[in-house]
Amino acid sequence: MKRVPKVHVIGAGVIGLTTATLLLIEGYDVTILAKHFPGDMSIDYTSPWAGARWKTLAPNDDARLQRYDADSFKIFWELAKCRADETGIMVIPAFDYYKDPTADQRNPWWKKVVPGFRKLSRKELPKDVDIGYTFTTVAITPERYLRWLQSQFVALGGKRKHVEISNLTDAMDDPQNTVDIIVNCAGMHAAGIQGVNDPHINKPVRGQNVVVRAKHIRKTISVKTKQEYTYVIPRADGTVILGTTKDEGNRSAEPDPAIAKDIMERACKHCPELTNGKGIERLDVVGDIIGLRPKRNGGPRVETEVKVSPSGKPILVAHNYGHDGSGYQASWGSAKHAVKLIKEHHETLRAQSSKIQELLSRL
Ligand SMILES: Cc1cc2nc3c(=O)[nH]c(=O)nc-3n(C[C@H](O)[C@H](O)[C@H](O)COP(=O)(O)OP(=O)(O)OC[C@H]3O[C@@H](n4cnc5c(N)ncnc54)[C@H](O)[C@@H]3O)c2cc1C
Ligand SMILES: *[C@@H]1O[C@H](CO)[C@@H](O)[C@H](O)[C@H]1NC(C)=O
Ligand SMILES: *[C@@H]1O[C@H](CO)[C@@H](O)[C@H](O)[C@H]1NC(C)=O
């Protein structure tokens, strides 16, 4: 009789929780090993700090990233339809503006992915921007969504273990030697685990945002210029995220008041409704957010390899990390891809060992 394969997923961010849940649905026996779980707040745990809305950053020539984002959109859209309250996913109108747009920005690949996509006419555009689109998208309230994902995982029989992994072999060895598969979803720390060799990992990209109370804002705005990236993202709890900065390699967890002021000014300029045109002094500020985006050259690493445990057992090691500023909007698509690779390659490993079993039983 076939034993249910046992999986250790390292990481309980949006990527680890999503991947672990899909693996459970596929019938695997899954335990998440992580230092941080939903509810924890740490600069080393990116997921609670995200915006987080769907606004793809996948380039026009990258079909893999496009598929991750498009597949994820469909799932968020369905969840918003039937589980909006518990998941904290909202359907909202989006306004997307560009100054000095690139060729990709002039020709968005994703216009058929989101409902209601329309290019804005010149007279609908705010001054200072060259091009703009409106469409319908989803905005996710991270803490609520992460807790919901975790509760789905647990309800399906998933197990959790609070532990820090310093070497991949730590995740391979249990006394009974029963682990078959490891999935590395450790975000920006993924390549710091001994045994993970990745020359493409970048320094994380620091983002500082401001949280304000403004429950009348029920749309998201994004303005991209060559120098700046400004956004306004509402959350299900009546707060709104104003952003952002991208500072590669800076891991400071301290908010910079000058940056916060600049963000509030940019946000109020592009979304005067925040304070009914009365400027940043009228903002009802809740606090600052600082998160580190897990950047990787060439995009997220979603692949598998075979490693040997200290006791000599072949272990399938899958990776799903390095999602930079797209971890939410790529989560389901990226996890689906990882699970597909795991199924295929684990079948191959199992076929190899059953061939040997067959051979030995004939001798
Ligand atoms: C300011 C900001 C705004 C953003 N906005 C958006 C947005 O609008 N839309 C969007 O899609 N994305 C957005 N993102 C990006 C998104 O937040 C990330 O891509 C995503 O959270 C990454 O998730 P993850 O699960 O890979 O990593 P994490 O959330 O960092 O999770 C990593 C997990 O691995 C565990 N771990 C790490 N190392 C070890 C170890 N050695 N041993 C044990 N456990 C370990 C951690 O404890 C944690 O559980 C934003 C990010 C920031 C910072
Ligand atoms: C990680 O574990 C492997 C196998 O036990 C070992 O060979 C290697 O030295 C370990 N790395 C570190 C840095 O401890
Ligand atoms: C990192 O960013 C913070 C906040 O802006 C700033 O105060 C600090 O000087 C930066 N550190 C480095 C090394 O650039």
Side-chain angles (χ1 to χ4, degrees), residues 8-20 32-38 40 42-57 68-69 72-73 76 137-140 142 145-146 149-150 160-173 184-196 204-210 220 222 229 231 233 241 243-260 262 288-296 300-301 307-311 320-331 334-335:
H8 277 171
V9 173
I10 307 170
V14 67
I15 299 297
L17 289 168
T18 309
T19 311
I32 296 180
L33 314 177
K35 195 173 164 191
H36 305 95
F37 283 92
D40 291 338
S42 159
I43 189 77
D44 288 315
Y45 184 29
T46 307
S47 293
W49 310 117
R53 76 340 191 172
W54 194 99
K55 185 202 150 8
T56 182
L57 304 168
Y68 293 169
D69 289 358
S72 305
F73 186 86
F76 285 122
T137 195
V138 288
I140 301 144
Y145 181 66
L146 293 172
L149 264 185
Q150 176 169 266
R160 304 182 307 143
K161 195 169 167 192
H162 192 270
V163 61
E164 182 162 3
I165 304 294
S166 57
N167 193 323
L168 270 185
T169 56
D170 300 349
M172 288 176 188
D173 257 2
N184 174 12
C185 304
M188 71 175 139
H189 296 294
I193 297 172
Q194 294 298 323
V196 178
V205 180
R206 182 180 188 273
Q208 181 172 330
N209 288 348
V210 179
T220 178
S222 138
Y229 184 26
Y231 56 60
I233 307 171
I241 304 302
T244 192
T245 56
K246 289 194 174 179
D247 188 1
E248 190 159 339
N250 187 324
R251 292 168 186 256
S252 164
E254 285 305 307
D256 182 329
I259 291 180
D262 177 57
D288 302 280
I289 279 188
I290 290 131
L292 304 178
R293 302 175 180 94
K295 187 173 177 185
R296 184 175 182 273
R301 182 178 185 193
K307 296 214 180 249
V308 177
S309 80
S311 55
N320 188 9
Y321 66 82
H323 295 76
D324 196 4
S326 291
Y328 281 83
Q329 64 193 350
S331 56
S334 168

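In each ligand, atom 1 is the first atom listed, and ligand 1 is the first ligand listed. Excluded from the calculations below are hydrogen atoms, water molecules and symmetry mates; all remaining heavy atoms, backbone and side chain alike, are included.
- Checked by distance only, ligand 3 and Asn250 come closer than 3.5 Å through their nitrogen or oxygen atoms.
- Remark: Asn250 CG to Gln208 CD distance equals 10.0 Å, nearest 0.5 Å.
- Results of the side chain to side chain contact (heavy atoms under 4.5 Å, CB included) test with Pro204 over Lys295, Arg251, Arg293 single out Arg251 as the only residue that passes.
- Between the CG atom in Leu17 and the CG atom in Leu149 there is a gap of 5.5 Å [rounded to 0.5 Å].
- Of the inter-residue distances, the one linking Glu254 atom CD with Ile259 atom CD1 reads 12.0 Å to the nearest 0.5 angstrom.
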Contacts table for ligand 2: protein N or O within a distance under 3.5 Å of ligand N or O, distances only.
{"unit_1": "ligand 2", "atom_1": "2 (O)", "unit_2": "Asn167", "atom_2": "OD1", "d": "3.2"}
{"unit_1": "ligand 2", "atom_1": "2 (O)", "unit_2": "Asn167", "atom_2": "ND2", "d": "2.3"}
{"unit_1": "ligand 2", "atom_1": "2 (O)", "unit_2": "Thr169", "atom_2": "OG1", "d": "3.3"}
{"unit_1": "ligand 2", "atom_1": "11 (N)", "unit_2": "Asn167", "atom_2": "ND2", "d": "2.9"}

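- The distance criterion of under 3.5 Å between nitrogen or oxygen atoms is met by Asp256 with respect to ligand 3.
- The two residues Gly16 and Val9 make their nearest non-hydrogen contact at O-CG1, 3.8 Å.
- Closer than 4.0 angstrom to ligand 1 by heavy atom are Gly11, Ala12, Gly13, Val14, Ile15, Ala34, Lys35, His36, Tyr45, Thr46, Ser47, Trp49, Ala50, Gly51, Ala52, Arg53, Val163, Glu164, Ile165, Cys185, Ala186, Gly187, His189, Ile193, Asn209, Tyr231, Gly291, Leu292, Arg293, Pro294, His323, Asp324, Gly325, Ser326, Gly327, Tyr328, Gln329, sorted by chain and number.
- Near Ile259, the atoms of ligand 3 lying under 4.0 angstrom from a non-hydrogen atom of the residue are 5 (O).
- The shortest side-chain heavy-atom distance between Ser47 and Tyr145 does not fall under the 4.5 Å cut-off.
- Distance CG/Asn209 to CD1/Ile290: 9.0 Å, rounded to 0.5 Å.
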Margin query: For His36 and Asp44: C-alpha separation, side-chain torsions, deciding distance, then whether side chain to side chain donor-acceptor pair (under 3.5 Å) applies.
Written below: CA-CA 8 Å; His36 305 95; Asp44 288 315; 5.3 Å; no

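- Rounded to the nearest 0.5 angstrom, Asp170 CG and His8 NE2 are separated by 11.5 Å.
- Proximity of a side-chain donor or acceptor of Asn184 to a complementary backbone N or O of Ala186 within less than 3.5 Å is detected.
- Checking each of Ser326, Ser334, Ser331 against Tyr68 for a side chain to side chain contact (heavy atoms under 4.5 Å, CB included) leaves exactly one that passes, namely Ser334.
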